[in-house]
Amino acid sequence: MASEEQPYQTFASLYDALFDGDLYLEWAEFVKENVPVGKILDLGGGAGRLAVLLAQAGYQVDLLDISAPMLTLAQEHAADAKVDLRLLQADIRDFSDWEERYPAIVSFADTLNYLPGPADFEAGLKQAYEHLEEGGSFLFDVITPKMVNVDYDNFCYNNDEDPEKIFMWIAYFGEEPDSVDHDLKFFLYDERLDAFKLVREVHHEQTYPLADYLAALKRVGFTRIQALADFGEKKADDGDSRWFFICQKGEKA
């Protein structure tokens, strides 16, 4: 199924409407606490919810995403909020032809977990490193092995509050260790057919032990690496469901 081969392409607007908006407020606060107002790149920024919040706070935001439908939504959200975003369509594993360098790069909402394997993950880290100014900061989050193996064990969520738009989400363990497949289905009522149409995507996420993340960041060249949880409120440990990383390229001037 093509929609399963190209995540986010078939139901970008449905997925965007589903996501918890409060999380974007928390990600925005995390950025504002750790990054001075200025130029910033949002990697895998999707529909632009975080980018709009940061632009409203005074940041000059560039948003990079591989999905054209998501970037269309980001443009709409920016227009609604009356802020300017510069939108770039590219793969976070290789956007080396983009020559801009940034004092800060961020990537949240599991973006790096969607990269299919360790080599892809490290390629994403290298691109972030290359596109930082010397002394610049990279902030990102990931889901953890605890999230995959405990929180998503036998996970099923159904939402039928809207009788014309029913949503089902089932999580399955992936084939690789510490991976999960999300089977996402929308049943949308079509008045012309007097029936429901299925819109479906399967999203794969991959995570790793904390030591693997720290080792990859060091191999790429990042320094002053902080591994945190609870949006920066505590140090990361194996009992967390989401880790937050703050790291640096070289030394600040």
Side-chain angles (χ1 to χ4, degrees), residues 1-25 27 42-53 63-81 85 87-93 107-117 120 141-143 147-149 151-176 179-207 241-242:
M1 180 182 295
S3 63
E4 292 179 10
E5 296 170 359
Q6 299 181 6
Y8 300 110
Q9 298 297 314
T10 59
F11 68 171
S13 61
L14 295 171
Y15 188 85
D16 176 50
L18 174 74
F19 210 94
D20 183 359
D22 289 341
L23 281 173
Y24 289 112
L25 295 173
W27 280 313
D42 184 5
L43 285 183
R49 297 290 189 178
L50 174 62
V52 165
L53 291 172
L63 186 158
L64 184 150
D65 202 275
I66 198 170
S67 167
M70 281 293 187
L71 291 172
T72 297
L73 284 173
Q75 188 173 38
E76 293 172 1
H77 293 325
D80 290 343
L85 301 179
L87 306 177
L88 316 169
Q89 185 177 9
D91 190 323
I92 65 174
R93 292 169 294 186
S107 186
F108 297 112
D110 310 4
T111 292
L112 294 176
N113 292 121
Y114 285 100
L115 298 176
D120 302 277
D141 73 349
V142 294
I143 59 171
M147 170 71 92
V148 168
N149 299 308
D151 299 353
Y152 282 138
D153 187 15
N154 294 313
F155 180 86
C156 180
Y157 173 76
N158 297 324
N159 187 333
D160 58 1
E161 293 179 1
D162 183 343
E164 296 188 355
K165 188 187 299 179
I166 299 170
F167 173 67
M168 296 178 60
W169 170 11
I170 302 175
Y172 303 97
F173 292 134
E175 294 182 1
E176 300 86 2
S179 71
V180 61
D181 293 318
H182 304 285
D183 189 357
L184 308 174
K185 300 185 183 80
F186 282 94
F187 298 88
L188 307 176
Y189 180 70
D190 189 326
E191 192 173 275
R192 295 170 300 173
L193 302 174
D194 191 24
F196 283 88
K197 295 175 65 175
L198 171 64
V199 180
R200 180 189 185 206
E201 291 188 350
V202 177
H203 297 178
H204 179 77
E205 290 194 274
Q206 177 71 57
T207 192
S241 295
R242 184 177 295 277

- Going through the distances and angles, do F155 and H182 end up as a ring pair (Phe, Tyr, Trp, His ring centres under 6.0 Å)? CA-CA 10 Å; F155 180 86; H182 304 285; 7.8 Å; no
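Around CG of D190, the count of heavy atoms belonging to other residues, nucleotides or ligands within 6.0 Å exceeds 12.
Between the CG atom of D194 and the OH atom of Y189 there is a distance of 3.5 Å, given to the nearest 0.5 Å. The line from CD of E175 to CG of D181 is 7.5 Å long, rounded to the nearest 0.5 Å. For the atom pair NE2 of H77 and OG1 of T72, the computed distance is 10.5 Å after rounding to the nearest 0.5 Å. We find the CE-CG distance between M147 and D153 to be 13.5 Å, quoted to the nearest 0.5 Å. In this structure, the separation between CG on D91 and CG on D65 is 10.0 Å, given to the nearest 0.5 Å. With rounding to the nearest 0.5 angstrom, the CD atom of E205 is 4.0 Å from the OH atom of Y114.
Here the closest non-hydrogen pair linking N159 and Y157 is ND2-OH, 3.2 Å. Here the closest non-hydrogen pair linking F167 and L184 is CZ-CD2, 3.9 Å. Between W27 and D141, the shortest heavy-atom contact is NE1-OD2, 2.9 Å. L87 and L71 get closest at one heavy-atom pair: CD1-O, 3.5 Å. Of all non-hydrogen atoms in W169 and N158, the two that sit nearest each other are N-OD1, 4.4 Å. Heavy atoms only, all atoms of each residue included: G46 and L63 are closest at O-CD2, 3.8 Å.
A side-chain donor from one of H203 and E201 sits under 3.5 Å from a side-chain acceptor of the other.
Of the possible polar contacts, none joining the Q206 side chain to the N113 backbone as a donor-acceptor pair under 3.5 Å is found.
The closest side-chain heavy-atom distance from I92 to L112 is below 4.5 Å. Within the 4.5 Å cutoff, the side chain of R242 has heavy atoms near those of the D110 side chain. The closest side-chain heavy-atom distance from F196 to L188 is not below 4.5 Å.
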